[in-house]
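Note sheet for the following structure.
Quick note on labels: first sequence line is chain A, next is B, and so on, each numbered from 1. On a predicted model such as this, the values are computed, not experimentally measured, just so you know.
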Protein chains: 2
Amino acid sequence: MHKKGIREVAHIAGVSISTVSRAFTRPELVSEKTRERVMEAASMLDFNISRSATALKSGQTFRVALLMNEEVTSWFNTQVFAGLNSVLHDAGYDISLFQHIDDAKNRESFFVNLPVLRNVDAVFVASFAIEPNEVEQLRRTHVPIIGINTPSSSAFDASISIDDEAGMFRAAQHMINLGHHKIVYTCSAAEESLEASIDARGRGFVRACEAAEGTHDIDWKVLSVPRGRDFADAALAAVLSEETFPDAICCQMDMMAIPLIIKLQRHGYYSPRDYSIIGFDDSAYADTVDLTTMRQDPFSMGATAAKKGLKLLRGEPLDEPHSIVEPRLVLRGTDARLEPDRPLER
Amino acid sequence: MHKKGIREVAHIAGVSISTVSRAFTRPELVSEKTRERVMEAASMLDFNISRSATALKSGQTFRVALLMNEEVTSWFNTQVFAGLNSVLHDAGYDISLFQHIDDAKNRESFFVNLPVLRNVDAVFVASFAIEPNEVEQLRRTHVPIIGINTPSSSAFDASISIDDEAGMFRAAQHMINLGHHKIVYTCSAAEESLEASIDARGRGFVRACEAAEGTHDIDWKVLSVPRGRDFADAALAAVLSEETFPDAICCQMDMMAIPLIIKLQRHGYYSPRDYSIIGFDDSAYADTVDLTTMRQDPFSMGATAAKKGLKLLRGEPLDEPHSIVEPRLVLRGTDARLEPDRPLER
DNA sequence: TTGAAAGCGGTACCAT
DNA sequence: ATGGTACCGCTTTCAA
């Protein structure tokens, strides 16, 4: 009872290995009692069909690659991963996670060695742009490539993206509609080499402000701070060192907005009493600090991407290969109308 | 150029398939120029060694299972996953993620069908207890089983756990040393059926308080609220409805402490002015709210577990199969000495 | 309904 | 240094 292979099971059950195989994968082709005997023998020997062998025989790998910049531990990436896994795991696929593709070295090595070549059935790209030549490299895998929040979707077989620009446009518009005059957008600077999906948000802000300039008395400004650990503190400093404190702050993401709210309190500025602030994401603690924000749902984006990938793998047609989802304004407590005749007291 | 197998590469390079195989897996056994020819042919045909075939031949699956209760999206689980992946990915292993093993249905189905049987090289169990009979089931996989923050480590081949009880003991002790009199512990109630690692924290709190009763004038209490989405609000209500507001709050985790700090402000209670509060985890935003807390590092626990798993897979001995790590007190701004002669003003 | 046998794409032993 | 060749464990015709 040392070797627990399909042969041993077949032998114990008194059938051929073909029958054992069928008992597991196409039970309807095997007679009731034969199947029972097989299953009994199998559980006696702790036998189970080997996915490796199935994979080899079928030509599939039952594995997909997920490429992301930064860590999987960021809110967005975690949600996307969980969403993908929620669909793919049950479909029999494992996710091979390639992190930090934003790092030049990793990136180079990934696209040159292409470890996924012949080793995954599909590739998912989360949240960053890939260069045309990199797309070309990826194409060599000859498997479906699905984008999730990638700046351009043209290179992908399918994609799902959130409309970052429209979302932030809407956020800024909301601030403008509230009657605010001095509006700032706080963001961490875009990576030089690597356009991320998130950078579109800044454009939405600018567009909304420019569009409103004719009809509203507004003074707007983009406060861009370096990336890195303490981008929130940098943003705080940037805001506090403005000549006049803003009425309204649009934040690139909740992870920027939440620290700002908390730390501005220590400097005597309370929202919505002294200023309105709006985030983007609706991520952890947004509800706790009562943050008005633009909600997106990366978990469901991951799940949707996975479903598209699965269809592609089965050769089924996609009714909508490239979908765009709109973030939704979630009104909570950090936005308030600026009353023109009742100036802020401090 | 349709079939891009090892034979085609061998043919184009004018060598045998053995040589192609060696060129990839044992390059030092192949002459310089031969290797070049092989690699050229390979890249021409977009060829790469198939992991499925390697897996089949080697008897390994190059896959490990990660079992967790709840979602992978929780702070702890995400960090553990990332830590595991940081080591395992480069070692050539993918992680097959089984979530929600806390759900009775999933649990039953998992341990009965045992989908991992013969399909993973190791099993990692994150943060929950498994019953003796479940361990027995798992044992049928005949692969190393590694525990991460599992209440008992005896059933595992290796484990790494954080000393939750000692950590909270220390946290409570710190509050006591600060001179606080009325100390509460806020926690979400333990799952009936499923002892989680985290439940040991409550015991640490109780032990610290009981030990101090003789020498200190303290009044302590455990405030347990139901699990679920709004456990933090429930804890808030529990704290506010105490007969006297506590001097000190020990929280089961930062996710409890952070909302408490923020929401107690709205009720006029500020830390450390009106009370001290200490968390557990040092998770996201703990630094932002300046929370004094007990730090643990689940990422590195994941990485350590992965390294142990890898050693086990190689048959190497473990110098310390079961390790315990101590959480560390991180002093920040939410704890302060209670001055006996200067009672709290409000 | 069941069995025999040919691979799937590598690896590694044994020769040369 | 390189080639020939049995497998690894399963799936899937094709026959019986």
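- In terms of position on DNA chain D, the residue among Glu32(B) and Ala53(B) whose nearest nucleotide sits closer to the 5' end is Glu32(B).
- Contacts of Thr34(B) with the nucleic acid, taken as non-hydrogen atoms under 4.0 Å apart, involve only primed sugar atoms and P, OP1 or OP2.
- When heavy atoms are screened at a 4.0 angstrom cut-off, Arg118(B) is found touching the sugar-phosphate backbone but no base atom.
- Nucleic acid contact class of Ser31(A) (heavy atoms, under 4.0 Å, all strands): sugar-phosphate only.
- Regarding Leu29(B), its CG atom lies at a distance of 11 Å from the C1' atom of dT2(D), rounded to whole Å.
- What separates CZ of Arg7(B) from P of dT5(D) is a distance of 13 Å, to the nearest Å.
- For dT11(C), the OP1/OP2 oxygens have a side-chain nitrogen or oxygen of Ser21(B) closer than 4.0 Å.
- Salt-bridge annotation for Asp94(A) and Arg51(A): present, with a side-chain N of the basic residue lying under 4.0 Å from a carboxylate O of the acidic one.
- Side-chain contact check for His100(B) and Glu71(B): at least one donor-acceptor pair (N or O, by modelled atom type) lies under 3.5 Å.
- One atom, CZ of Arg26(B), and another, P of dT2(D), lie 14 Å apart when rounded to the nearest Å.
- Distance CZ (Phe62(A)) to C1' (dC8(C)): 13 Å, rounded to an integer number of Å.
- If you check distances only, the side chain of Arg22(B) does reach the base of dG3(D) with a donor-acceptor pair under 3.5 Å.
- If you check every strand for non-hydrogen atoms under 4.0 Å, Val15(B) touches sugar and phosphate atoms only.
- Here dC8(D) presents its P atom at 16 Å from NZ of Lys57(A), a figure rounded to the nearest Å.
- Contacts of Thr25(B) with the nucleic acid, taken as non-hydrogen atoms under 4.0 Å apart, involve only primed sugar atoms and P, OP1 or OP2.
- Each of Ser58(B) and Thr19(B) has a nearest nucleotide on DNA chain D; the 5'-most of these lies closest to Thr19(B).
- Ionic pairing of Arg22(A) and Glu28(A) is not present here: no N-O contact between side-chain nitrogen and carboxylate oxygen is shorter than 4.0 angstrom.
- Atoms CD1 (Ile49(B)) and C1' (dG9(C)) sit 9 Å apart, rounded to a whole Å.
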Given Ile146(A) and Val123(A), is the side-chain contact (heavy atoms from CB on, under 4.5 Å) satisfied, shown in steps? CA-CA 6 Å; Ile146(A) 299 102; Val123(A) 177; over 6 Å; no
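- Ile17(A) has its CD1 atom 11 Å from the P atom of dG3(C), to the nearest Å.
- Nucleic acid contact class of Phe47(A) (heavy atoms, under 4.0 Å, all strands): sugar-phosphate only.
- Evaluation of atom-type donor-acceptor distances gives a pair under 3.5 Å for the side chain of Ser18(B) against the base of dG4(D).
- Classification of the Phe24(A)-Phe47(A) ring pair by plane angle, with boundaries at 30° and 60°, yields perpendicular.
- Val20(A) comes within 4.0 angstrom of nothing in the nucleic acid, heavy atoms only.
- At the heavy-atom level, Ser50(B) lies under 4.0 Å from the strands shown only through sugar-phosphate atoms.
- Following rounding to the nearest Å, Ile6(A) (CD1) and dT12(D) (P) show an atom-to-atom distance of 12 Å.
- Aromatic ring pairs are classed by plane angle as parallel below 30°, tilted from 30° to 60° and perpendicular above 60°; the pair Phe98(A) and Phe110(A) is perpendicular.
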